[in-house]
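Single-structure report; data block below.
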Amino acid sequence: PALGLFLFTIARDPLRIIILIAGAFFWLVSLLLSSLIWFISVKASDPQDERLQKGLLIFGVMFSVLLQEAFRFLYYKLLRKAIEGLVALSEDGCSPISIQQMAYVAGVGFGLMSGAFSMVNLLADALGPGTVGIHGDSQLYFLTSAFMTMVLIFLHTFWGILFFHGCEHRRWWEIVAVIVMHLAVSGSTFFNPLYVGSLVPSYLLMATAAAWAYLLSGGSAQNLRRFLLCKS
């Protein structure tokens, strides 16, 4: 599904590809900084204290979420400046891409990079040593991880639309809602290997965020009905 989003809505437009790559880069920088802080925290603590190490892991995840959203805001500010430049250079005084389209493409960029790193971690686990489930762990580890990766890609896409809309219209509660949803989804992964506790809430939040982003983008029930019935 994520590859389909890229091929059908982004791949044919060079400007959208540039925005997507830049968005992926911003997410990557946020991951680098949060990983660095977590690494320093772990090295400076007692590795034998399991309770402390788990607390540091939770802190690292929550800090990473906040840092990702901070970089999403920085990327919004950068794209806002870019729109002003595009308008100044255009002959008709209009930008070739709207802020809503930028929000969508930036969200896909964040999501694809997030999904790529999730896949790298899964492949590293698949290489061994040992076999998943050999000590009684869930045999559904790879399957549920794939579904979790997919939901995070879509969530980042919808969060990008909601976040940019909140910044554009000074509706700060929308930004807070995105941060809360991001924290909730990331926090739900601590229920694993009870995968129902992470997948079900994440997909419910994805459906909520999708409907919300659709409405903010100008969608309506009538437009959705026409799309499903293939009517113009």
Side-chain angles (χ1 to χ4, degrees), residues 1-31 64-80 82-83 97-119 145-169 171 174-186 188-189 198-220 223-224 227:
L3 181 61
L5 285 180
F6 173 75
L7 292 177
F8 293 112
T9 64
I10 297 174
R12 297 181 181 180
D13 191 327
L15 182 58
R16 293 186 182 186
I17 293 177
I18 293 172
I19 295 172
L20 180 139
I21 293 174
F25 174 75
F26 267 72
W27 187 91
L28 191 60
V29 174
S30 72
L31 177 67
S64 177
V65 168
L66 296 177
L67 201 58
Q68 287 176 48
E69 297 307 327
F71 270 81
R72 199 192 302 271
F73 178 74
L74 292 176
Y75 193 41
Y76 162 78
K77 300 295 287 186
L78 179 65
L79 291 178
R80 208 67 191 83
I83 286 182
I97 185 171
S98 67
I99 190 66
Q100 291 86 357
Q101 293 171 336
M102 283 186 170
Y104 164 75
V105 177
V108 174
F110 267 63
L112 287 179
M113 185 55 70
S114 172
F117 267 81
S118 296
M119 288 182 62
S145 297
F147 276 100
M148 195 67 190
T149 298
M150 183 177 70
V151 75
L152 281 174
I153 294 175
F154 279 115
L155 278 170
H156 271 293
T157 302
F158 303 140
W159 288 337
I161 296 173
L162 298 174
F163 196 97
F164 278 42
H165 185 272
C167 293
E168 192 73 7
H169 297 276
R171 298 171 68 173
E174 290 181 349
I175 299 174
V176 173
V178 169
I179 296 173
V180 170
M181 283 190 287
H182 199 167
L183 288 171
V185 171
S186 298
S188 68
T189 59
S198 59
L199 282 177
V200 173
S202 297
Y203 273 84
L204 290 175
L205 282 175
M206 184 191 72
T208 302
W212 193 359
Y214 177 72
L215 294 175
L216 291 182
S217 301
S220 64
N223 291 341
L224 183 61
F227 168 74

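Counting begins at 1 with the first residue of the sequence. Given the structure is predicted, the values throughout are model-derived calculations rather than measurements.
- Of the inter-residue distances, the one linking L31 atom CG with F71 atom CZ reads 10.5 Å to the nearest 0.5 angstrom.
- A search for side chain to side chain contact (heavy atoms under 4.5 Å, CB included) contacts involving P1 returns M150, F154, not counting sequence neighbours.
- Looking at heavy atoms from C-beta onward, S30 lies out of side-chain contact with S64 at the 4.5 angstrom threshold.
- Side-chain contact between H156 and Q68: present, with at least one pair of heavy atoms (C-beta onward) separated by less than 4.5 Å.
- Applying the ring pair (Phe, Tyr, Trp, His ring centres under 6.0 Å) rule to Y76 yields the partners F164; only residues at least two apart in sequence or on another chain are considered.
- Cation-pi contact between R72 and F110: present, with separation from the ring centre below 6.0 Å and deviation from the ring axis of at most 45°.
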Checklist entry - Going through the distances and angles, do M102 and I83 end up as a side chain to side chain contact (heavy atoms under 4.5 Å, CB included)? => result CA-CA 9 Å; M102 283 186 170; I83 286 182; 3.4 Å; yes
Next on the checklist: Could you go through L78 and L74, starting from their C-alpha distance and side-chain angles, then the distance that decides it, and tell me whether this counts as side chain to side chain contact (heavy atoms under 4.5 Å, CB included)?
Outcome noted: CA-CA 6 Å; L78 179 65; L74 292 176; over 6 Å; no
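- Sorted by first and then second residue, the side chain to side chain donor-acceptor pair (under 3.5 Å) pairs involving residues 204-218 (not counting sequence neighbours) form an empty list.
- Atom CD1 of I161 and atom CG of L216 lie 8.5 Å apart (nearest 0.5 Å).
- When the side chain to side chain contact (heavy atoms under 4.5 Å, CB included) test is applied to A2, the partners found at least two apart in sequence or on another chain are L112, I153.
- Every residue meeting the side chain to side chain contact (heavy atoms under 4.5 Å, CB included) condition with V176, not counting sequence neighbours, appears here in chain and number order: V180.
- Between Y75 and A106, the closest heavy-atom pair is CE2-CB, 3.4 Å.
- Here the side chain of E69 pairs no donor or acceptor atom with the backbone of L66 at under 3.5 angstrom.
- Scanning all heavy atoms of the two residues, the minimum distance from T149 to G115 falls at CG2-CA, 3.6 Å.
- Residues meeting the side chain to side chain donor-acceptor pair (under 3.5 Å) test with S114, sequence neighbours left out: none.
- One finds the SG atom of C167 at 4.5 Å from the CZ atom of F163 (value rounded to the nearest 0.5 Å).
- By the ring pair (Phe, Tyr, Trp, His ring centres under 6.0 Å) test, F117 pairs with W27, sequence neighbours left out.
- In this structure, H169 and E174 have side chains that are not in contact, with every pair of non-hydrogen atoms separated by 4.5 Å or more.
- Evaluation of the side chain to side chain contact (heavy atoms under 4.5 Å, CB included) rule for V65 yields H182, L183, S186 as partners, not counting sequence neighbours.
- Residues L162 and V178 share a closest heavy-atom pair of CB-CG2, 3.7 Å.
- The CD1 atom of I21 lies 12.5 Å from the CG atom of L28; values are rounded to the nearest 0.5 Å.
- In this structure, Y203 has no ring pair (Phe, Tyr, Trp, His ring centres under 6.0 Å) partners at least two apart in sequence or on a different chain.
- Contact check for F26 versus V29: no side-chain heavy atoms found under the 4.5 Å cut-off.
- Pairs of residues two or more places apart, or lying in two chains, never qualify as salt bridge (charged side-chain N to carboxylate O under 4.0 Å, His left out) while including a residue from residues 100-118.
- Put simply, CD1 on I19 and CG on L15 are 4.0 Å apart, with the number rounded to the nearest 0.5 Å.
- Every pair passing salt bridge (charged side-chain N to carboxylate O under 4.0 Å, His left out) that includes a residue from residues 15-31 is listed here, sequence neighbours excluded: D13-R16.
- Across every non-hydrogen atom of V185 and S202, the tightest pair is CG1-OG, 3.7 Å.
- With values rounded to the nearest 0.5 angstrom, M206 atom CE is found 10.5 Å from T157 atom OG1.
- Within the 4.5 Å cutoff, the side chain of S118 has no heavy atoms near those of the M148 side chain.
- Y104 pairs by the ring pair (Phe, Tyr, Trp, His ring centres under 6.0 Å) definition with nothing, not counting sequence neighbours.
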